[in-house]
Asker: 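Structure in structure tokens, see below.
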Amino acid sequence: QVRVVESGGGSVQPGGSLRLSCAASGNTDRINLMGWFRQAPGKEREAVAAFYVNTNAKYYADSVKDRFTISRDKPESTVYLQMTNLKPDDTAMYYCAAAEPRMGATWSAVTRYEYWGQGTQVTVSS
């Protein structure tokens, strides 16, 4: 079993920055994909960024490209999401997710991931 716990959310003005952290524990050797998702009130959960553990290949949603960066501190099994130039549309609950190897589903599919955190709120407002 794998457990993921997010932290680092908060309130920030437009143009500001935040860094989210995701601590993974348990059988982390089973994981080959780590991702960040977000969900705003009344909207579906959407993929933000992800990376494949073995290849370090990284993927981003078009809406956050060039503003968000996903990275990993391997020894600590921690994944980060550095968010810059935040916009009001970035306001959402942000979730970290982890996935075991599986064929077929893309990195951005909610169903691709088996393990989810409880989420951390990000609010961008003036």
Asker: Let me confirm one number: the CZ-OH distance from Phe51 to Tyr60, rounded to the nearest 0.5 Å.
Answerer: 10.0 Å
Asker: Show the numbers, then the answer: is there a side-chain contact (heavy atoms from CB on, under 4.5 Å) between Met34 and Val53?
Answerer: CA-CA 7 Å; Met34 296 289 296; Val53 171; 4.2 Å; yes
Asker: Using a 4.5 Å cut-off on heavy atoms from C-beta on, say whether the side chain of Ser17 contacts that of Gln82.
Answerer: yes
Asker: How many angstroms lie between atom CD of Glu46 and atom OG of Ser63, to the nearest 0.5 angstrom?
Answerer: 5.5 Å
Asker: Report the C-alpha separation of Arg19 and Leu81 in whole Å, then their side-chain angles, then the decisive distance to 0.1 Å, and conclude whether the side-chain contact (heavy atoms from CB on, under 4.5 Å) test is met.
Answerer: CA-CA 6 Å; Arg19 189 176 79 158; Leu81 185 69; over 6 Å; no
Asker: Do the numbers put Arg45 on top of the ring of Trp116, so that NZ or CZ is under 6.0 Å from the six-membered ring centre and no more than 45° off the axis?
Answerer: yes
Asker: Donor-acceptor pair, distance only, cut-off 3.5 Å: does the side chain of Glu6 make one with the backbone of Thr120?
Answerer: no
Asker: Quick check on the hydrophobic clustering: are Val122 and Val64 connected, directly or via other members, by side-chain heavy-atom contacts under 4.5 Å?
Answerer: yes
Asker: Should the heavy atoms of other residues, nucleotides or ligands under 6.0 Å from CZ of Arg102 be counted, would the total exceed 12?
Answerer: yes
Asker: Do Phe68 and Val79 land in one hydrophobic cluster if side-chain heavy atoms of ILVMFWY residues count as linked below 4.5 Å?
Answerer: yes
Asker: Apply the test side-chain contact (heavy atoms from CB on, under 4.5 Å) to residues Thr91 and Gln121: give CA-CA distance (whole Å), side-chain angles for both, the deciding distance (0.1 Å), then the verdict.
Answerer: CA-CA 8 Å; Thr91 296; Gln121 178 68 37; 4.0 Å; yes
Asker: Counting C-beta onward and ignoring hydrogens, is there a side-chain heavy-atom pair between Leu20 and Trp36 closer than 4.5 Å?
Answerer: yes
Asker: So which heavy atom on Ala47 is nearest to which on Ala61, and how close?
Answerer: O-CB, 3.4 Å
Asker: Is Tyr59 reaching over with its side chain to a backbone N or O of Val48, donor-acceptor style, under 3.5 angstrom?
Answerer: no
Asker: What are the two closest non-hydrogen atoms of Ala23 and Thr78, and how far apart are they?
Answerer: CA-OG1, 4.3 Å
Asker: Please assess Arg38 against Tyr94 for the test side chain to side chain donor-acceptor pair (under 3.5 Å), listing each intermediate value before the final yes or no.
Answerer: CA-CA 4 Å; Arg38 66 186 182 187; Tyr94 282 70; 2.9 Å; yes
Asker: Nearest 0.5 angstrom please: Cys96 SG to Ile70 CD1, how far?
Answerer: 7.5 Å
Asker: Anything under 3.5 Å between a donor and an acceptor, one on a side chain of residues 7-14, the other on a protein residue two or more places apart or in another chain? List them.
Answerer:
none

Asker: Can you tell me how far the OH atom of Tyr113 sits from the CZ atom of Phe37, to the nearest 0.5 Å?
Answerer: 4.5 Å
Asker: Where do Arg67 and Asp90 land on the side-chain contact (heavy atoms from CB on, under 4.5 Å) test, with the steps shown first?
Answerer: CA-CA 11 Å; Arg67 298 190 298 122; Asp90 295 318; 2.8 Å; yes
Asker: Has the side chain of Lys58 got a donor or acceptor atom that lies under 3.5 Å from a matching backbone atom of Ala49?
Answerer: no
Asker: For the atom pair CE (Met93) and NZ (Lys43), what is the distance rounded to the nearest 0.5 Å?
Answerer: 15.5 Å
Asker: May I ask you to decide if Glu100's main-chain N or O and Glu114's side chain share a donor-acceptor pair within less than 3.5 Å?
Answerer: yes
Asker: Would you indicate whether Asn56, at its atom CG, is surrounded by more than 12 heavy atoms from other residues, nucleotides or ligands within a distance under 6.0 Å?
Answerer: yes
Asker: Work out which heavy atom in Tyr95 is nearest to a heavy atom in Gln118; give both atom names and the distance.
Answerer: CE2-O, 3.5 Å
Asker: Looking at every heavy atom in both Leu86 and Leu18, which two are closest together, and how far apart are they?
Answerer: CD1-N, 3.9 Å
Asker: What's the spacing between Tyr115 OH and Leu33 CG if we round to 0.5 Å?
Answerer: 13.0 Å
